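The block underneath contains the structure these notes are about, expressed in structure tokens.
Protein chains get the first letters and strands the later ones, always in sequence-line order, with residue 1 at the start of each. A quick note: this is a predicted structure, and the numbers were derived from the prediction, not measured.
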Protein chains: 2
Amino acid sequence: MKFISRENPSPSDCFRIIDEGLRKRAVITLFACCQATYEGRARSKLGLGERMIIIKPDGSFLIHQDRKLDPVNWQPPKSRSKVRMENGIVILESVRRTPPEHLEVEIKNVHLVSYYLGRDSQELEVCGHEKDMGEMIWKHPELIEKGFRPTDKEYSTSKGFIDILGKDENGQLMILELKSRKAGTNAVKQLKRYLKDFEDNKGQVRGIIVAPSITEDALELLEEDGLEFKSLEPPKELKEEKKVTLDFF
Amino acid sequence: MKFISRENPSPSDCFRIIDEGLRKRAVITLFACCQATYEGRARSKLGLGERMIIIKPDGSFLIHQDRKLDPVNWQPPKSRSKVRMENGIVILESVRRTPPEHLEVEIKNVHLVSYYLGRDSQELEVCGHEKDMGEMIWKHPELIEKGFRPTDKEYSTSKGFIDILGKDENGQLMILELKSRKAGTNAVKQLKRYLKDFEDNKGQVRGIIVAPSITEDALELLEEDGLEFKSLEPPKELKEEKKVTLDFF
DNA sequence: GAGTGCATCTCGCTC
DNA sequence: GAGCGAGGTGCACTC
């Protein structure tokens with residue numbers, strides 16, 4: 001049996017199913033009217049409302065409202081979930097040790113309780129990160145400009161790590177700050193801080209923001225100091241082009 | 001009827017229920033074996049596996065695996081969700097306009113499909129943020145030190161906003177950088193940047209990190225420049241102490 | 001276990 | 001709608 005579901009269960013049935021789901025390390029979900037209190041890194045209270053509760057076998061605990069991507073309350077993986085009955089009411093509890101965090105959910109009414117034993121070993125294959133950009137530039141320096149020769153990745157300075165360090169065709173030092181999406185003023189400020197570390201070579205170092213685009217404010221800030229912007233999209237090619245077609249079925 | 005659920009539905013039943021749920025603006029959930037492709041800000045592929053799919057009435061779309069807090073694939077609120085049948089297979093699609101993003105989910109097998117019409121108007125009450133800290137210090141400046149008088153909140157400089165500006169009992173300028181949790185080197189770097197704007201008063205300005213704690217690295221960086229750290233917990237008192245007790249039921 | 005930095009960050013706010 | 005910064009950020013990675 002891959003899953004169990006029960007409509008409008010009694011509190012004791014609900015308790016039993018959740019308890020069973022926890023023991024079997026299933027993904028448990030409830031549609032329920034509930035309220036929640038959280039205490040830990042912050043403190044919060046959530047009044048009564050209709051929500052969806054999810055408990056995963058890794059200890060993740062999520063309460064989702066009917067809007068937003070983020071759960072309204074949650075506990076991270078490795079939290080310990082418990083269920084108990086108190087005065088005929090089902091209470092869910094999730095505890096984390098470090099940092100100490102505690103979430104308690106009182107369930108007024110359950111519409112649907114279910115658990116699901118589906119396991120999923122697949123990992124997401126994703127591309128288009130800053131890291132992918134760095135690798136692409138390292139392999140194809142000419143994407144920055146003809147004659148560019150990168151010398152260091154993650155070059156350490158007192159102000160942090162420079163994404164890519166290199167030299168142009170005239171041997172002039174180049175500092176590249178990569179962003180996988182539109183660069184803002186922060187990226188420029190970061191670049192300027194790195195340049196501070198090379199002040200002795202004043203005027204001899206080129207600072208370049210490499211990103212798909214840049215905000216107007218950031219461009220202004222950049223040109224103020226004679227720095228440069230190079231438009232470059234992060235690579236969006238998955239390493240293994242897994243066939244995802246209808247043939248599969 | 002607050003919800004519908006169907007175990008092991010046929011593809012066409014599944015399609016019908018999802019379609020109905022979308023029209024009724026319900027929260028739709030599926031336990032299903034599926035695969036997904038995403039393209040937009042990045043690109044990703046997720047092979048076949050057992051997962052939980054959630055579509056909210058605000059357009060949020062989530063695919064959850066049996067682990068982690070974050071969905072493995074998702075679309076943000078205001079995305080447009082569609083369902084269709086193709087060669088007897090149910091396909092879910094979610095599209096966002098700006099930025100252009102597209103998520104497509106092919107559903108191989110559905111164990112449970114359901115939708116839920118529960119509405120939830122409750123907002124989360126939460127405290128313990130940096131903002132709460134700022135308000136607390138503004139009201140009780142003596143928490144920083146005897147004689148401290150704050151003069152500005154969110155004071156604008158060329159490097160950003162200073163959380164709190166004020167003077168000590170000797171009339172010396174004080175720049176406070178607040179963090180609601182352990183301060184790291186970034187907080188110190190930020191503080192140092194603000195201080196740059198006051199360099200003409202060199203030695204006459206005190207820079208202080210205010211946080212519950214600080215990393216060792218950050219403390220070192222701080223003391224290097226004769227700056228200070230003040231340990232202060234963010235306030236954790238909810239504005240209205242809403243009664244959340246079992247009496248409610 | 002703590003510290004650091006990226007993210008399809010999300011989300012709320014301001015302009 | 002774009003830009004900016006905080007977050008119970010989460011998460012992977014390093015040390």
Sugar-phosphate, base or nothing in reach of B/Ser180, heavy atoms under 4.0 Å: sugar-phosphate
A/Gly184 vs A/Ser44, nearer the 5' end of DNA chain D by closest nucleotide: A/Gly184
D/dA2, OP1 or OP2 - any side-chain N/O from A/Lys182 closer than 4.0 Å? no
Report yes if a side-chain nitrogen or oxygen of B/Arg43 is closer than 4.0 Å to either non-bridging phosphate oxygen (OP1 or OP2) of C/dT8; otherwise report no. no
Specify the separation, in whole Å, of atom CD of A/Glu233 and atom P of C/dT8. 15 Å
Does A/Glu135 form a salt bridge (Lys or Arg N to Asp or Glu O under 4.0 Å) with A/Lys139? I'd like the steps, not just the answer. CA-CA 6 Å; A/Glu135 285 168 12; A/Lys139 279 183 205 154; 5.3 Å; no
Tell me what B/Glu130 touches on the nucleic acid: a base, only sugar-phosphate, or nothing, going by heavy atoms under 4.0 Å. sugar-phosphate
Side chain to side chain donor-acceptor pair (under 3.5 Å) for B/Thr215 and B/Asp217? Distances and angles first, verdict last. CA-CA 5 Å; B/Thr215 69; B/Asp217 292 358; 5.6 Å; no
Within the structure, does a side-chain N or O atom of A/Thr185 lie under 4.0 Å from either OP1 or OP2 of D/dC4? yes
Any side-chain N or O of B/Trp74 below 4.0 angstrom from OP1/OP2 of C/dC9? no
How is B/Phe161 classified with respect to the nucleic acid when contacts are heavy atoms under 4.0 Å: base, sugar-phosphate, or nothing? nothing
Round to a whole Å and report the spacing from CD of A/Glu177 to P of C/dC6. 8 Å
Which whole-number value in Å describes the distance from A/Lys56 NZ to D/dG10 P? 13 Å
Distance in angstrom units between A/Glu220 CD and D/dA2 C1', rounded: 15 Å
Inspect the surroundings of CD in B/Glu220 and state if more than 12 heavy atoms from other residues, nucleotides or ligands are less than 6.0 Å away. no
Please tell me if B/Lys131 has a side-chain N or O lying less than 4.0 Å from either OP1 or OP2 of C/dG12. no
Within less than 4.0 Å of OP1 or OP2 of D/dA2, is there a side-chain N or O belonging to A/Arg181? no
Between NZ of A/Lys236 and C1' of C/dT8 the distance, given in whole Å, is 9 Å
Looking at B/Asn186, I'd like to know whether one of its side-chain N or O atoms comes within less than 4.0 Å of OP1 or OP2 on C/dT4. no
Apply the test salt bridge (Lys or Arg N to Asp or Glu O under 4.0 Å) to residues B/Lys108 and B/Glu106: give CA-CA distance (whole Å), side-chain angles for both, the deciding distance (0.1 Å), then the verdict. CA-CA 6 Å; B/Lys108 187 192 177 192; B/Glu106 294 176 11; over 6 Å; no
Would you classify B/Asn73 as touching base, sugar-phosphate or nothing, given that sugar-phosphate means primed atoms plus P, OP1 and OP2, and contacts are heavy atoms under 4.0 Å? base
Regarding A/Glu101, tell me which of base, sugar-phosphate or nothing describes its non-hydrogen contacts under 4.0 Å with the strands shown. base
Under the criterion salt bridge (Lys or Arg N to Asp or Glu O under 4.0 Å), I'd like the reasoning laid out for A/Glu86 against A/Arg84: C-alpha separation, chi angles, the key distance, then a yes or no. CA-CA 7 Å; A/Glu86 218 169 274; A/Arg84 68 175 196 272; 2.7 Å; yes
Closest to side chain of A/Thr215, choosing from C/dC11, C/dG1, D/dC4: D/dC4
More than 12 heavy atoms from other groups under 6.0 Å of NZ on A/Lys189: yes
Under 3.5 Å, is there an N or O donor on one side and an acceptor on the other linking the side chain of B/Asp217 and the base of C/dT4? no
So which one's nearest nucleotide on DNA chain D is more toward 5', A/Pro77 or B/Leu124? B/Leu124
Specify the residue among A/Arg67 and B/Tyr38 whose closest nucleotide of DNA chain C lies further upstream toward the 5′ end. B/Tyr38
For a quick test of reading the model: is some side-chain N or O of B/His102 closer than 4.0 Å to OP1 or OP2 of C/dT8? no
Rounded to whole Å, the CD-C1' distance (B/Gln190 to D/dA6) equals 11 Å
Could you check how far CZ of A/Arg96 sits from C1' of D/dC11, rounded to whole Å? 12 Å
Relative to the ring of B/Tyr116, is the ring of A/Phe31 parallel (under 30°), tilted (30 to 60°) or perpendicular (over 60°)? parallel
For A/Leu62 and C/dT10, give me the distance from atom CG to atom C1', rounded to whole Å. 15 Å
Let's see if you can work this out: which of C/dT4, D/dG10, C/dC11 has an atom nearest to the side-chain heavy atoms of B/Leu69? D/dG10
Reckon B/Arg41 has a side-chain N or O less than 4.0 Å from the OP1 or OP2 of C/dC6? no
